[in-house]
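Okay, so here's the structure we're looking at.
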Amino acid sequence: MDLTLHVWRQSGPADAGRFETYAAKGISADSSFLEMMDVVNEQLTREGKTPVAFDHDCREGICGSCSMMINGCAHGPQHGTATCQLHMRHFKDGDEVWVEPWRARAFPVLKDLCVDRGAFDRIIAAGGFVSVSTGGAQDANAILVAKVDADAAMDAAACIGCGACVAACPNGSASLFTAAKVTHLNVLPQGQPERYRRVAAMVARMDEEGFGGCTLHGECQEACPKEISIDVITRMNRDYLVAQFALGEEKARGGTG
């Protein structure tokens with residue numbers, strides 16, 4: 001198939017961006033979207049032009065590197081699919097395709113379709129860990145975990161940190177990402193010692209990074225390639241509310257809070 005691409009080009013964070021139009025010719029319907037972008041970049045290279053910069057790594061929907069707004073949709077039109085898993089069979093010969101980077105204040109554009117998602121790393125660093133006792137390893141079955149809790153933790157842990165939730169949210173909120181990282185630890189026994197400090201620290205860091213507030217539009221769960229439900233946001237909000245009382249009482253008693 002032959003396509004017309006309108007791709008966002010931006011030389012650097014401080015530079016003005018613009019759309020540039022490219023012809024993608026002879027694209028196989030079995031190609032992935034990133035493979036189509038590779039074809040375009042090869043053509044640009046042969047013409048002596050600068051190829052389009054975009055993030056990618058595993059190309060298996062696991063790493064969360066790929067990040068493109070395709071025709072106004074985070075990761076493109078296919079539900080529950082990362083950009084690298086999107087195949088060209090979902091487009092038609094002659095289509096015009098608009099490709100942009102994530103748009104969010106907390107995700108500044110570095111170059112072309114690449115954005116800085118370091119804010120996610122700093123949110124995780126604020127509380128995404130558990131305490132462990134040193135010494136001999138416990139038996140694998142020593143800590144019992146209810147099936148419903150194990151399922152909830154696994155569903156939340158599916159988050160790959162791609163940022164589609166932020167890009168799709170009209171408020172630019174990172175609540176789905178933060179809630180997923182909070183939930184997959186807070187519902188397990190191993191995550192209980194830091195449960196309330198964790199949620200308080202990670203939410204505070206999320207706010208410091210400049211993400212917008214959540215008003216439960218639900219666009220985040222629709223854009224999420226791992227189909228994580230906004231139910232995790234409800235869990236996070238509940239723990240955050242409890243944390244305000246629990247940590248407040250601890251400080252009043254002279255604890256470390």
Side-chain angles (χ1 to χ4, degrees), residues 3 5-20 22 24 27 31-45 49-88 90-91 97-125 128 158-169 172-174 176-178 180-181 206 209-211 219-220 222-228:
L3 304 166
L5 303 184
H6 304 284
V7 182
W8 184 260
R9 303 303 306 266
Q10 185 171 334
S11 299
D15 297 312
R18 75 281 179 196
F19 282 104
E20 291 189 1
Y22 305 110
I27 303 299
S31 298
S32 72
F33 197 89
L34 295 189
E35 288 170 338
M36 182 273 295
M37 293 296 296
D38 290 338
V39 171
V40 172
N41 275 345
E42 288 171 2
Q43 179 63 33
L44 290 174
T45 300
K49 299 177 181 177
T50 303
V52 179
F54 60 90
D55 288 320
H56 62 97
D57 192 359
C58 75
R59 300 202 176 198
E60 294 179 347
I62 298 171
C63 70
S65 294
C66 55
S67 51
M68 297 182 189
M69 293 292 287
I70 303 168
N71 287 343
C73 298
H75 289 306
Q78 185 69 8
H79 189 69
T81 301
T83 302
C84 59
Q85 298 172 299
L86 177 66
H87 284 80
M88 299 310 296
H90 298 291
F91 300 88
V97 183
W98 298 79
V99 188
E100 305 172 66
W102 290 161
R103 302 290 191 184
R105 180 174 57 181
F107 288 163
V109 175
L110 297 176
K111 183 176 182 180
D112 296 341
L113 305 178
C114 300
V115 300
D116 181 359
R117 286 172 284 184
F120 273 7
D121 297 329
R122 293 186 287 274
I123 291 173
I124 293 176
C159 172
I160 57 176
C162 64
C165 52
V166 177
C169 177
S173 173
L176 189 70
F177 166 81
T178 306
K181 298 306 179 183
M206 175 181 68
E209 293 293 341
F211 292 103
E219 292 293 332
C220 53
E222 296 302 315
C224 178
K226 298 305 175 182
E227 301 179 291
I228 296 173

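Note that the structure is predicted; figures quoted are calculated from it, not measured. All values below were derived from every heavy atom in this structure, side-chain atoms included, with hydrogens, water molecules and symmetry-related copies excluded.
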Any heavy-atom pair between the side chains of M36 and V97 that's under 4.5 Å? no
Return the minimal non-hydrogen interatomic distance between I228 and A180, and the atom names on each side. CD1-CB, 4.3 Å
SG of C165 to CD of E222: how many Å apart, nearest 0.5 Å? 13.0 Å
Would you say N41's side chain and V52's backbone share a donor-acceptor pair under 3.5 angstrom? yes
Could you tell me which non-hydrogen atom of S32 sits nearest to which non-hydrogen atom of C84, and how far apart they are? CB-O, 3.6 Å
Going through the distances and angles, do C66 and F54 end up as a side-chain contact (heavy atoms from CB on, under 4.5 Å)? CA-CA 7 Å; C66 55; F54 60 90; over 6 Å; no
Would you indicate whether the side-chain heavy atoms of P77 and F91 approach each other to under 4.5 Å? yes
How close do H79 and E227 get, counting heavy atoms only, and between which atoms? CD2-OE2, 3.1 Å
To the nearest 0.5 angstrom, please state how far the CG atom of D55 sits from the OG atom of S65. 6.0 Å
Under the side chain to side chain donor-acceptor pair (under 3.5 Å) test, which residues partner H87, sequence neighbours left out? none
With rounding to the nearest 0.5 angstrom, report the CE to SG distance, M68 to C162. 12.5 Å
Polar side-chain atom of N71 near backbone of W98 as donor-acceptor pair, under 3.5 Å: yes
Donor-acceptor check, side chain of K226 to backbone of G61, threshold 3.5 angstrom: yes or no? yes
Check: D112 side chain, Q10 main-chain N or O, donor-acceptor pair, under 3.5 Å: yes
So, applying side-chain contact (heavy atoms from CB on, under 4.5 Å) with F33, which one of H75, M88, H90 is it? M88
CZ of R122: more than 12 outside heavy atoms within 6.0 angstrom? yes
Nearest heavy-atom neighbours spanning F120 and G161: CD2-O, 3.6 Å
For the side chain of R9 and the backbone of E20, is there at least one donor-acceptor N/O pair under 3.5 Å apart? no
Do I70 and T83 come within less than 4.5 Å of each other through their side chains, counting heavy atoms only? yes
Walk me through whether W8 and V99 qualify under side-chain contact (heavy atoms from CB on, under 4.5 Å). CA-CA 6 Å; W8 184 260; V99 188; over 6 Å; no
Under the salt bridge (Lys or Arg N to Asp or Glu O under 4.0 Å) test, which residues partner E219, sequence neighbours left out? none
Return the CG to CG distance between L34 and D57, rounded to the nearest 0.5 Å. 11.0 Å
What's the shortest heavy-atom distance between I160 and I62, and which atoms? CG2-O, 3.0 Å
The test is side-chain contact (heavy atoms from CB on, under 4.5 Å); show your working for L113 and M37 and say whether it passes. CA-CA 11 Å; L113 305 178; M37 293 296 296; 4.2 Å; yes
How far apart are the C-alpha atoms of K181 and C159, what are their side-chain angles, what is the distance that settles it, and do they pass the side-chain contact (heavy atoms from CB on, under 4.5 Å) test? CA-CA 8 Å; K181 298 306 179 183; C159 172; 3.8 Å; yes
Distance check, rounded to the nearest 0.5 Å: H6 atom NE2 versus Y22 atom OH? 12.0 Å
Under 3.5 Å donor-acceptor, T45 side chain and Q43 backbone: no
Under a 4.5 Å cut-off applied to non-hydrogen side-chain atoms, are R117 and V166 in contact? no
